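Note: hydrogens, waters and symmetry copies are ignored here, and every other heavy atom, side chains too, is used. Remember, it's 1-based here, ligands and their atoms both numbered in the order they're listed. On a predicted model such as this, the values are computed, not experimentally measured, just so you know.
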Amino acid sequence: MSEVFVVNSGSSSIKYQLIDLETESSSVGGLIERIGEPGEVPDHTTGMLQVLDSLGGGHDIVAVGHRVVHGGPSFTGPTLITDRVESEIDELSALAPLHNPANVLGIRAARAAMPNVPHVAVFDTAFHQTMPAAAYTYAIDAELAQKYKVRRYGFHGTSHKYVSEEAARFLGRPLEDTKTIVLHLGNGASVTAVDGGKSVDTSMGLTPLQGLVMGSRSGDIDPAVIFHLSREAGLSIDELDVLLNRKSGLLGLTGTGDMRDVQEAASRGNRPALDALAVWRHRIRHYIGAYIATLGGIDALVFTAGIGENNSLLRRRALAGLQFLGIEVDDDRNELQSRHTRYISPEGARVSVLVVPTNEELEIARQAASISM
Ligand code: ADP
């Protein structure tokens, strides 16, 4: 049985899964953490060898799929990793300083441990490379933007692609003829407008900071807030980076970044939690409206990721009062707990509202296999 080894490498962790291409299921998976800390696994190379050792024999690994966060403007699909591709990913680190260097550590370790297998990079940004210039261009000095690669890229692309294709399959509709809005609501969150299987707009930007209210990221903000806080509060650029990426969003508004805790507090009548949920919901509805206009209609609205898959109350609240757009939620269907793709809109509704559990590892395995076999 042919398998793809899927690697998601962080700065101090390696998350991995072995995906069987025939059954499309995962036989083994795990996580190595605290790499580089005293008394722990010293580096990614050692960690990778330990992982491979633990897999034991009997596996036929035909490819390794690497999750890479930023593919910049040049990577538009899964890419066979050569030395040159590896350095290009490293060079893109300026655009994703937390993620790309960590991804490169994993790529180096895995290529060294498995030199005879094709390694494929699957980029979070790739699916969004179909966006038209009108959607990805920021209205700033064009030369400066070109020189420093400043534009909207979008992220969670692997998830948005997988989920929008799964939705069309579930609905029995031709992908080319389906207009879908995907709400990926996890710790990080983004919305994508998908027209005929192609991303035409998405809420994240140059980095994953733009768009929805997230666990600890502010999402959309007037950039002048940064100048204002720099001048008036004396915060440095690095402090503002930390403020907006790690101390904002639900965390900034309530003191906790985990949606379950925010909701629990709200259910007790906690004012900041109730207000944070209102901001969170307002932002989602803003994007739903915008993307229906961009798409010129909507066939399917899909919820996915931690919050989107598991929280019926927030799904219902997010869509309340949108009947005039054909968007409705059936309470019984919405309450049903399931790990499968399902309707939450009522029978015969104009817009199919679905929950589709995302599976980024499977999508990475499919894409890695598609170009290496
Ligand atoms: P990541 O972006 O880290 O991949 P996930 O997609 O796993 O994140 O989503 C994590 C988020 O989902 C957390 O904020 C968690 O609180 C939230 N979450 C998971 N289950 C529920 C639930 N039943 N209700 C509300 N939030 C949930």
(message) Under 4.0 Å from a heavy atom of N311: which atoms of ligand 1 are those, numbered in the order shown and with their elements?
(response) 24 (N), 25 (C)
(message) What's the separation between atom CG in L322 and atom CD1 in I292, rounded to the nearest 0.5 Å?
(response) 7.5 Å
(request) To the nearest 0.5 angstrom, please state how far the NZ atom of K179 sits from the OH atom of Y291. (result) 15.0 Å
(message) In this structure, is the centre-to-centre distance between the rings of H66 and H119 below 6.0 Å?
(response) yes
(request) Tell me which protein heavy atom sits closest to atom 23 (N) of ligand 1, plus the residue, atom name and distance to 0.1 Å. (result) N310 CB, 3.3 Å
(request) Rounded to the nearest 0.5 Å, what's the gap from CD on Q17 to CG on L31? Could you check? (result) 11.5 Å
(request) Only pairs at least two apart or in different chains count here, so list each salt bridge (Lys or Arg N to Asp or Glu O under 4.0 Å) that has a residue in residues 50-72. (result) R67-D124
(message) Cation-pi check for Y136 against R151: NZ or CZ below 6.0 Å from the six-membered ring centre and within 45 degrees of the axis, yes or no?
(response) yes
(message) Give me the nearest non-hydrogen protein atom to atom 14 (O) of ligand 1 as residue plus atom name, then the distance to 0.1 Å.
(response) M259 N, 3.6 Å
(message) Within a 6.0 Å radius of atom CZ on R317, are there more than 12 heavy atoms belonging to other residues, nucleotides or ligands?
(response) no
(message) Any heavy atom of G188 closer to ligand 1 than 4.0 angstrom?
(response) yes
(message) Checking H128 now: which residues fulfil ring pair (Phe, Tyr, Trp, His ring centres under 6.0 Å) with it, not counting sequence neighbours?
(response) H160
(request) Please confirm whether G306 comes within less than 3.5 Å of ligand 1 when only nitrogen or oxygen atoms on both sides are compared. (result) yes
(message) Considering non-hydrogen atoms of the protein only, which is the closest contact for atom 8 (O) of ligand 1, and what is the distance?
(response) N187 N, 3.2 Å
(message) As an exercise, identify every atom of ligand 1 less than 4.0 angstrom from a heavy atom of I307.
(response) 12 (O), 17 (C), 26 (N)
(message) Please report whether ligand 1 has a polar contact with D258, defined as an N or O pair separated by less than 3.5 Å (distance criterion only).
(response) yes
(message) Quiz question for you: does at least one protein heavy atom lie closer than 4.0 Å to atom 4 (O) of ligand 1?
(response) no
(request) Using a strict 4.0 Å cut-off to heavy atoms of A305, name the atoms of ligand 1 that fall inside it. (result) 6 (O)
(message) To check your reading of the model: name the closest protein heavy atom to atom 27 (C) of ligand 1, its residue, and the distance in Å.
(response) R260 CG, 3.8 Å
